[in-house]
Amino acid sequence: MGDTNGQVVAGDNGKGNRLNQLNYPTDVLIDKETDSLIICDWGNRRVVRWSRRSGTIQREILIDNMACRGLAMDDQRDLYISDVEKHEVRRYQIRDKNGTIVAGGNGEDAGLNQLNYPAYIFVDQQQTVYVSDNNNHHVMKWNKGAKEGIVVAGGQGKGNALTQLSYPYGLFVDTLGTIYVADSSNHRVMRWPKGAKQGTIIVGGNGQGEGANQFKSPEGLSFDRHGNLYVVDWGNNRVQRFSIE
């Protein structure tokens, strides 16, 4: 907090596919149990683990040959990965290389048992999987063991009305089931209370731009424990922090 310079914790050896390199990483999470970073190394079609322990350079490939886009981990330390080529989300237990389909996996389309470019994912304490179903312009919720998902945000086609989303990406769900989503092509972040038919704009929504209240294709989002919202403002090459009431 307060640093004006960041510190490189993974990569920094140029673009490539060696174990000490990354190629277009799209998502990352911290595994506190092993004090390591798990990274979706999208350009190399793999998910890798990088140790954060000082003095070690331990790196390993966890899952290979998949078009990973988003990552999540549940309380049991099961890993969830979205695959934008197979249009599915799989859950992987520790040391499991094959995984189990928990969302999608029935081809690329808009049916309730399908996904179309699942981007980011969020998993709650009940192992419910939320997916920003990017090319279908909605967010889906898949209960544990379900064969079909439920549309919980958007679902009214691509557009900028409060009932619509346009290429949603980053996703966060709070303990009340309220969904926060980076509505990328509408350059805004929206909040959808549980069961709501429409969302509200909490930041952005002032057109595409570089102002403090504007975005250019926001992608990732997250909250800290103080309730501050962090947004990856992709097109503006910056991360913004907001205090949300």
Side-chain angles (χ1 to χ4, degrees), residues 10 22 24-50 60-108 112-136 138-153 168-175 177-182 192 219-223 232:
L22 298 169
Y24 294 110
T26 57
D27 207 356
V28 61
L29 56 84
I30 295 177
D31 181 6
K32 292 176 184 168
E33 193 85 13
T34 58
D35 194 17
S36 60
L37 299 173
I38 297 176
I39 304 164
C40 173
D41 189 10
W42 178 78
N44 285 323
R45 298 178 58 82
R46 66 191 184 187
V47 176
V48 294
R49 182 197 300 279
W50 289 55
E60 62 175 323
I61 298 171
L62 297 179
I63 313 289
D64 211 354
N65 194 29
M66 75 173 309
C68 64
R69 188 66 174 77
L71 299 171
M73 185 178 272
D74 67 19
D75 294 345
Q76 280 74 51
R77 293 185 60 233
D78 289 352
L79 185 62
Y80 296 73
I81 308 172
S82 63
D83 187 323
V84 295
E85 281 180 4
K86 293 182 178 174
H87 308 284
E88 65 187 25
V89 177
R90 283 182 182 257
R91 180 178 70 235
Y92 295 82
Q93 294 175 316
I94 295 169
R95 301 298 167 198
D96 169 17
K97 294 285 187 185
N98 297 315
T100 306
I101 294 174
V102 292
N106 293 295
E108 166 192 0
L112 289 178
N113 67 343
Q114 295 174 305
L115 297 167
N116 188 346
Y117 202 93
Y120 287 94
I121 46 184
F122 186 94
V123 180
D124 69 13
Q125 290 179 321
Q126 286 73 47
Q127 294 183 315
T128 306
V129 179
Y130 294 81
V131 187
S132 54
D133 193 8
N134 187 268
N135 285 349
N136 283 328
H138 58 215
V139 175
M140 293 194 82
K141 168 184 170 180
W142 294 66
N143 291 314
K144 186 179 180 181
K147 298 298 180 204
E148 287 189 348
I150 305 159
V151 176
V152 288
Y169 275 105
L171 199 54
F172 186 90
V173 184
D174 69 17
T175 51
T178 306
I179 296 162
Y180 298 81
V181 58
W192 292 67
E219 280 233 350
L221 59 80
S222 187
F223 281 89
V232 178

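All values below were derived from every heavy atom in this structure, side-chain atoms included, with hydrogens, water molecules and symmetry-related copies excluded. A quick note: this is a predicted structure, and the numbers were derived from the prediction, not measured.
For the pair Gln126/Lys144, no side-chain contact is recorded, criterion being any heavy-atom separation below 4.5 Å from C-beta on. A heavy-atom distance below 4.5 Å is found between the side chains of Val152 and Ile179. The side-chain heavy atoms of Leu221 and Val181, taken from C-beta on, include no pair separated by under 4.5 Å. Gln76 places none of its side-chain heavy atoms less than 4.5 Å from the side chain of Gln93. No side-chain heavy atom of Ile39 sits less than 4.5 Å from a side-chain heavy atom of Thr26. Using a 4.5 Å cut-off on side-chain heavy atoms (C-beta onward), Tyr80 and Leu71 make no contact. Looking at Trp142 and Ile101, their side chains never come closer than 4.5 Å, going by heavy atoms from C-beta outward. Residues Val131 and Val139 are not in side-chain contact: their nearest non-hydrogen atoms beyond the backbone lie 4.5 Å or more apart.
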For this session: List the steps, then state whether side chain to side chain contact (heavy atoms under 4.5 Å, CB included) holds for Glu108 with Leu115.
Result: CA-CA 6 Å; Glu108 166 192 0; Leu115 297 167; over 6 Å; no
Problem set entry | Derivation and outcome, side chain to side chain contact (heavy atoms under 4.5 Å, CB included), residues Asp74 and Leu79 | CA-CA 7 Å; Asp74 67 19; Leu79 185 62; over 6 Å; no
For this session: Might you work through the side chain to side chain contact (heavy atoms under 4.5 Å, CB included) test for Val123 and Asp78, ending with a clear yes or no?
Result: CA-CA 10 Å; Val123 180; Asp78 289 352; over 6 Å; no
Exercise. Lys141 and Glu148: salt bridge (charged side-chain N to carboxylate O under 4.0 Å, His left out), yes or no, with the steps?
Worked result: CA-CA 9 Å; Lys141 168 184 170 180; Glu148 287 189 348; over 6 Å; no
For this session: Could you walk me through whether Arg69 and Asp27 pass the side chain to side chain contact (heavy atoms under 4.5 Å, CB included) test, one step at a time?
Result: CA-CA 7 Å; Arg69 188 66 174 77; Asp27 207 356; over 6 Å; no
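By the ring pair (Phe, Tyr, Trp, His ring centres under 6.0 Å) test, Phe122 pairs with Phe172, sequence neighbours left out. With sequence neighbours left out, Arg49 forms a side chain to side chain contact (heavy atoms under 4.5 Å, CB included) with Asp31, Thr34, Ser36, Ile38, Glu60, Leu62.
Judged by distance alone, the side chain of Asp83 and the main-chain N or O of Glu85 form a donor-acceptor pair under 3.5 Å. Between the side chain of His87 and the backbone N or O of Tyr117, at least one donor-acceptor pair lies under 3.5 Å. With hydrogens and angles disregarded, no donor-acceptor distance shorter than 3.5 Å links the side chain of Asn134 to the backbone of Pro118. Panel note: side chain Gln114, backbone Asn106; a donor-acceptor pair is recorded below 3.5 Å. With hydrogens and angles disregarded, a donor-acceptor distance shorter than 3.5 Å links the side chain of Asp174 to the backbone of Gly177.
Other residues, nucleotides and ligands contribute at most 12 non-hydrogen atoms within 6.0 Å of the CH2 atom of Trp42.
Looking at every heavy atom in both residues, Ile121 comes nearest to Gly70 through CD1-O, 3.7 Å. Nearest approach of Ile61 to Lys97, heavy atoms of both residues: O-NZ, 3.3 Å. Ala182 and Glu219 get closest at one heavy-atom pair: CB-O, 3.4 Å. Heavy-atom minimum distance, Arg91 versus Asp96: O-OD2, 4.2 Å. Between Ser82 and Ala119, the shortest heavy-atom contact is OG-O, 2.7 Å.
The distance from the NE2 atom of His138 to the CG atom of Asn116 is 8.5 Å, given to the nearest 0.5 Å. If you take OH on Tyr130 and CD1 on Ile150, they are separated by 9.0 Å, rounding to the nearest 0.5 Å.
Salt-bridge annotation for Asp41 and Arg46: present, with a side-chain N of the basic residue lying under 4.0 Å from a carboxylate O of the acidic one.
Each of Asp35, Ile30, Leu29 was evaluated against Lys32; a single residue qualifies, Ile30, per the side-chain contact (heavy atoms from CB on, under 4.5 Å) test.
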